[in-house]
Amino acid sequence: MEYQKLIYRPESDQVVCGACENFERHSVAQLYLNRQSGQHQTYTRVKLHENFRALEESFCRGCHLCRCWMLALLDECFSPTLRTALRSSNNLVYVSTPVPQEIPRPGENLGKEAQFVRVLCVFDSNVQLEQGLRHSAVERKSRSKKLTDKVSGWIDDCNRLHAACTRHTEGAILPRRLLDVRSQRVKVVDGSTFTNISYLALSYCWGGDQDVKLTFQREQSLRDGLDRRDFAETIQDAIWLCQMLRIDYMWVDALCIMQDDNGQDWNSEAYNMPHIYGNAYITLSVCSASSASEGFARDRWSVEGCERFVPEFIPGSGRYLQPPQKTLEEIRAKSPLATRGWVFQEELLSPRILYWSDHGLFWSCLSGTRSEIDYHDHLHPAPPRASYPHTFLKAPDPLLRWDDMITSFSRRDFTIESDRLPAVSGLAALIQQKTGDEYLLGLWRSRLPAQLLWVVTSPPLLRERTANASQRAAPPPSWSWAAIATTRVIRMSEQTVARAQLIEAIKYGSTVHLHLTGRVKSLVEGFRQVKALPEELDTTDHERLFQGDSGGLLVGSRQEITVLNDARHPVSIQLDGELPETFDDLVCFEINYMSFLLLQPVDDGLYERIGCAQRHQDPQFFGTAKETRIVLK
């Protein structure tokens, strides 16, 4: 490995490598020019090292700035697995010259403007460049009594002062099974035998199979009791926390739901999630582990000989480089839990959540938020944003939030495809209870047929599974967003007005057929397929091509079909999956004057949805098409 030259500074008794000295020279000049000219200069990236390993080596050789870049990148790793990936990568390490935090107003003094430096290698991190020193309040020892006492104080304050939070657990319906964690030997017990007890609900990443889980063969030994050390590391740590907080019982999916009965117990318990998480004394959200084997109550990550939160001074600039302090919003968005499908409703159903991360502990309840990094330990009012976890429980009409929730939920991943609808069934049950509306496999009767106008906005991903893989139940009907493979983003429609009408919804076993009436027209009516167009009309990126009798075009590409009867009013149809082999039998079913579904017949009068035009601008698209009754499956 070729090392960067080291430069000793006797005035500060510090050492920097040649790349960091180059960065400092650029940065000081950048800040000086900003002050003098009153205008932003062109910000550039400075290459530091060939990879993260070289950056670590430079730190070990004594460069105090490489220490700062290294810690900033490690700070973006929210689990040991991600830190291992960073250390083994061959990505170049870059750092930017100072970038303004915000665009200044005219006449504002740029010299006082908040700045940051962006470090890039696999991840990117913004390091604050500040004029004053800031110190972090994060405890380095996760298992310190000081930290657990702080959590106990948060819970006690919530019990005493927040009537809305404690109301959810009064007269609570207990889970079918619980873990008794009062001693070193932990055992499964029946929740129905207790009344008025408190339990912690665990929200975490499996990250693969677990050696100890509830199965028919293992059930008796779990009821007799196993040593705490026999369980996965994350569950061991959760048991320790329960004992420190004097919570006698715990609910964990792997140990409280039967894992080898072909999903029967899963399907039953999925609909009890409003009670399981909604009635928990607290929910523990493990944000610093990608798998159950990693644990979370470890010392906050450290590097030998390196204090994590010590700022670095930039000579000549009058500013300190300081590691960023993570917010609860960042923790929720970047932790391994952010991609896990089941966690979505676990979080929204929980009235009180303790978020545990290497970046600090955060408390969130119906009344507000608190954090370990807040020196004054104040309760901050809950933000009104829809992304705030308790917005759903506090909403007077949670049905109004359904579409936004599904758009966010569609980004989540599942090991078993058919778990998608069960994973929001608890949310749906609460909405039904509050509104009296009928839930129909991901959509709501009062919002149909307009709610059928969802579209897929992302292409198939490499990790996308086939429709028949990993199923616990029958696949959803084509008209439900749940029929789309996981990790593809769904955008629900904001439209509520429909010209078409829902006549009835008839259940057939586990599926539902929608009987609708509305205008129907053939997609290729007035078009003929061609292999090529005249040069002046030619278009690229097409797999099917049709030319209209009156000069229009119909173009089929990988993700959409475009109809160009009038250049001023193109009609774009987003496809749910692959482009059909033939267009001959495809029909358009009008929902309202600006939207329609693209359907494919499967039997006489029976259709499947394959796409949607969520909003178009051709008022004559359906022309003289007649009202027709169809059945959508």
Side-chain angles (χ1 to χ4, degrees), residues 449 452-460 467 477-481 483-485 488 493 500 514 516 518-633:
L452 294 169
L453 295 170
W454 50 266
V455 293
V456 184
T457 62
S458 62
S478 67
W479 49 262
S480 172
W481 52 264
I484 303 303
R488 296 190 67 190
S493 174
L514 301 181
L516 302 154
R519 293 199 292 177
V520 176
K521 66 165 285 187
S522 168
L523 175 66
V524 296
E525 181 180 336
F527 288 91
R528 65 184 187 282
Q529 188 165 3
V530 294
K531 293 184 177 180
L533 290 173
E535 186 175 343
E536 66 274 12
L537 295 176
D538 197 16
T539 180
T540 58
D541 190 29
H542 59 264
E543 298 179 25
R544 307 277 192 284
L545 194 58
F546 295 78
Q547 188 168 9
D549 297 336
S550 58
L553 291 176
L554 191 155
V555 182
S557 58
R558 183 166 177 255
Q559 284 184 260
E560 66 178 4
I561 296 173
T562 304
V563 183
L564 295 166
N565 282 322
D566 181 339
R568 294 172 302 171
H569 302 123
V571 176
S572 177
I573 307 170
Q574 297 295 120
L575 295 174
D576 298 342
E578 296 180 356
L579 193 70
E581 292 186 7
T582 177
F583 289 3
D584 293 344
D585 56 355
L586 302 186
V587 299
C588 305
F589 179 77
E590 183 185 43
I591 300 295
N592 59 40
Y593 69 95
M594 66 174 69
S595 311
F596 62 85
L597 301 179
L598 183 64
L599 308 179
Q600 189 170 43
V602 292
D603 204 345
D604 185 26
L606 188 62
Y607 294 86
E608 286 185 341
R609 176 196 149 124
I610 63 168
C612 174
Q614 198 174 70
R615 186 180 294 271
H616 69 84
Q617 299 176 340
D618 186 351
Q620 302 302 320
F621 186 79
F622 278 87
T624 59
K626 296 181 179 180
E627 295 278 337
T628 304
R629 179 165 175 161
I630 67 162
V631 180
L632 192 55
K633 71 182 289 284

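Along the sequence shown, residues carry numbers from 1.
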Checklist outcome for this item: Value for CG (Asp576) from CH2 (Trp454), rounded to nearest 0.5 Å, stands at 4.0 Å
Checklist entry - Just by distance, do the side chain of Trp481 and the backbone of Val456 share a donor-acceptor pair under 3.5 Å? => result no
Next on the checklist: Tell me which one of Val587, Leu597, Leu516, Leu606 satisfies side-chain contact (heavy atoms from CB on, under 4.5 Å) with Ile630.
Outcome noted: Leu516
Item to check | Minimal non-hydrogen separation, Arg609 against Leu599, with atom names | outcome: CA-CD2, 3.7 Å
Checklist entry - To the nearest 0.5 Å, how far apart are CG in Leu579 and CD1 in Ile561? => result 5.5 Å
Item to check | Pairwise distance CD(Gln617) to OH(Tyr593) - rounded to 0.5 angstrom | outcome: 10.5 Å
Next on the checklist: Just to verify, what does Phe622 make a ring pair (Phe, Tyr, Trp, His ring centres under 6.0 Å) with, not counting sequence neighbours?
Outcome noted: Phe596
Checklist entry - Is there a donor-acceptor contact under 3.5 Å from the side chain of Ser478 to the main chain of Lys633? => result yes
Item to check | Pairs involving residues 588-601, ordered by first then second residue, that meet salt bridge (charged side-chain N to carboxylate O under 4.0 Å, His left out) (sequence neighbours left out) | outcome: Arg499-Glu590, Arg519-Glu590
Checklist entry - Which heavy-atom pair separates Ile591 from Pro449 by the least distance, and what is that distance? => result CG2-O, 4.0 Å
Item to check | Partners meeting side-chain hydrogen bond (donor to acceptor under 3.5 Å, both in side chains) with Gln614 (sequence neighbours left out) | outcome: Arg491
Checklist entry - Once you round to the nearest 0.5 Å, how far does CG of Leu586 lie from OH of Tyr607? => result 10.5 Å
